[in-house]
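Just follow the structure's listing: the first ligand is 1, and inside any ligand the first atom is 1.
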Amino acid sequence: MRLVITKSDEESARLAAGCIAEVVNEKRDSLLGFATGSTPEPVYAQLVAMCARGEVDFSGVRTVNLDEYVGLNAEDPHSYMYYMRKNLFDKAGIDLSRVTIPRGDADPEEEVRRLNAFSDKNNIDIQLLGVGVNGHIGFNEPCDCFYNKYHIVTLTEKTKKSNSRMFSRMEDVPERAITMGVGDIMRAKRIVFLANGIEKLDAMKAILEPRDVTPRIQGTILKFHQDCKIIIDKVLAELINPAPEVEVSYT
Ligand code: F6R
């Protein structure tokens, strides 16, 4: 794992966007793995700006998303499809025929089969990741095992509470989601992982410090990824003592 410590969250987003653009500029038809939530929003804003300046062209890429809430259709403003269209796809000219996102309103079991047929045939060139307060990546919640493939997950109370900030009421937060498994996340050729804010400290300590890899904190599996760049700002970094094998650099 490589850890890049930046001066600000804005700089972290710029750096992450640069990593994605570099991959696209090397390979026009890259498969890009995307995440949603507050953390990647400024990354998408940077990518849209780079696209407008002609620094990157997304017309040849394909994309795949980590997760979606079960029960929400693509027009629902809380759905991750809506989020991706608003933040990136519609602004960066990414045609929806090139996009793979779990369909929240489809039969969940059939949807899992469709997504796994896709992931069996395709390898992600770069995966953007954030982390939940409980250490989840995608919606891989703390449990007794690591899931390999897309699957249906029941969200924990902690995740529902954290994500309720996006909904009007806690009761509106869906109970279940479809998520890519950590196996498929780990098969991405490159990972760029961002974490912002003190509420992510426990998760980031578990991931970066010399601690066990455990499915109770799913993000700890990233210790085993061959090309994972973690980007955090100096405020968070000051509170973490990375393991000796983590290669640390500063911007
Ligand atoms: C969403 C996803 C989640 C989020 C995580 C952090 O697609 O993969 O793992 O990255 O819940 O969310 P924020 O960035 O909103 O704190």
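Taking 4.0 Å as the cut-off, Glu199 does not count as a neighbour of ligand 1 on heavy-atom distance. Using a non-hydrogen distance threshold of 4.0 Å, Arg165 registers as a contact of ligand 1.
Of the options Thr39, Ile101, Val131, the smallest heavy-atom separation from atom 6 (C) of ligand 1 is shown by Val131. Counting heavy atoms only, Ser38 comes closest to atom 13 (P) of ligand 1 of the residues Ala35, Ser162, Ser38, Ala195. Of the listed residues (Asn163, Thr36, Leu129), the one carrying the non-hydrogen atom nearest atom 1 (C) of ligand 1 is Thr36. Nearest residue to atom 3 (C) of ligand 1 from Gly135, Gly138, Gly130 is Gly138 (criterion: closest heavy atom).
A salt bridge links Asp57 to Arg28: one of the charged nitrogens lies within less than 4.0 Å of a carboxylate oxygen. Between Glu110 and Arg114, no side-chain nitrogen of the basic residue sits less than 4.0 Å from a carboxylate oxygen of the acidic one, so the salt-bridge criterion is not met. With respect to the salt-bridge test (charged N to carboxylate O, under 4.0 angstrom), the residues Asp202 and Lys205 do not qualify. Ion pairing between a basic and an acidic side chain is recognised when a charged N comes within 4.0 Å of a carboxylate O; Asp172 and Arg169 show such pairing.
The one candidate from Glu141, Lys158, Gln218 that meets the side-chain hydrogen bond (donor to acceptor under 3.5 Å, both in side chains) condition with His136 is Glu141. Considering Arg62, Met81, Arg85 in turn, Met81 is the only one that fulfils the side-chain contact (heavy atoms from CB on, under 4.5 Å) rule with Val99.
Atom 5 (C) of ligand 1 has His136 NE2, 3.4 Å as its closest protein atom, hydrogens excluded (heavy atom only). Of the protein's non-hydrogen atoms, Lys200 NZ, 2.7 Å is the one closest to atom 16 (O) of ligand 1.
Taking every non-hydrogen atom of Leu66 and a distance limit under 4.0 Å, the qualifying atoms of ligand 1 come out as 8 (O). Close approach of ligand 1 to Asp67 (heavy-atom distance below 4.0 Å) involves ligand atoms 1 (C), 2 (C), 7 (O), 8 (O).
The aromatic rings of Tyr147 and His151 lie parallel to each other, their planes meeting at an angle below 30°, with 60° marking the opposite boundary.
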